[in-house]
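Inspection log for the structure reproduced underneath, given as structure tokens.
When a ligand or atom number is given, it counts from 1 through the structure's own listing order.
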Amino acid sequence: MSAAACAMGAAIPFLIEVDVGLGRCGVPPGKPVLELLQKTSDLPSLIFRGLNGYEGAIITHDPEEKERRCRRSNELLAESTQLLRDHGFPVEIVSGGSSNTYQITAAHPGITEVQVGSYVTMDAHNAAYGIAFEQAVTVLTTVISRPTRERAITDAGKRSLSSDHGLPLCPTPGVLLVNLNDEHGHVRLEDPEHPLRIGDKLEIVPSHGCTTIPLFDEYMVIRNDTVVAVEPILPRGTMR
Ligand SMILES: Cc1ncc(COP(=O)(O)O)c(C=O)c1O
């Protein structure tokens, strides 16, 4: 990166990713962070800005466990920050958090940035773990069949709604989304007299917005039941 930046006459600011418990990328907290920074500090055109730790692995219904594990992740970042400062490195950005833990991370004095994604629109999965925001994104589906009084079929299956965090949610009372095929959604009606008919629309709340939203080209932005804008979904189709 340093060589490429030099060749282009550019300077690249960077954060060091610290593994604060996710077990994914990043160096272990503490001394390995310092050692990595010492190795990179002489490289031209790279500008160290701070640390990045993502505690997205903390998914639990137990608020005490969540708080304890989240605080520990935050502490690991804060301790690594202090170690770097003690060795003369200024640390400007300390980025932690996830949507599921944002209240805890945002309250930690050592964290300067909360890196939340789902927070922007929310989804049924985060709501089930007690994150009390309304869900701003839904997928509008159409009923294409009412084979029996207890069942209906929609035109949205796994190609339109991800299920890596469980089934999406139908917020319409008495209407349950119970299964997804590739291109069909299976709906169970609690009341066999339910008037749902072919052509009716059902709004479905994605269980996981991050993996559902990029299945579409555009957001239809709705205010007071009116489409007020059509916005492109930029991560759509970026895999090659
Ligand atoms: C490094 C990193 N930061 C932030 C996020 C956003 O997470 P969330 O949607 O839980 O806020 C993700 C999501 O996977 C991530 O991998």
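Residue E17 places no heavy atom under 4.0 Å from ligand 1.
Under 4.0 angstrom from ligand 1, the non-hydrogen atoms of R24 all belong to its side chain.
Scanning all protein heavy atoms for the shortest distance to atom 9 (O) of ligand 1 gives S118 OG, 2.5 Å. Of the protein's heavy atoms, Q115 OE1, 2.6 Å lies nearest to atom 3 (N) of ligand 1.
To the nearest 0.5 Å, the span separating CG on L167 from CG on L161 amounts to 9.5 Å. To the nearest 0.5 Å, the span separating SG on C210 from NE2 on H125 amounts to 9.0 Å.
Taking all heavy atoms of G96, S98, G117 into account, the minimum distance to atom 6 (C) of ligand 1 is reached by G117. Of the candidates S95, S99, C25, G209, it is S99 that places a heavy atom closest to atom 11 (O) of ligand 1.
Checked against a 3.5 angstrom limit, the closest N/O atoms of Y54 and ligand 1 fall inside it. Remark: ligand 1 and N100 share no N or O pair separated by less than 3.5 Å (distance only, no angle test).
When only modelled atom types and interatomic distance are considered, D155 and H184 share no side-chain donor-acceptor pair under 3.5 Å. Of the N and O atoms on the side chains of D164 and H208, at least one donor lies less than 3.5 Å from an acceptor on the other residue.
Within a 6.0 Å radius of CD in E75, other residues, nucleotides and ligands contribute more than 12 heavy atoms.
Evaluated for a salt bridge (Lys or Arg N to Asp or Glu O under 4.0 Å) with R72, the options E79, E67, E65 yield exactly one hit, E79.
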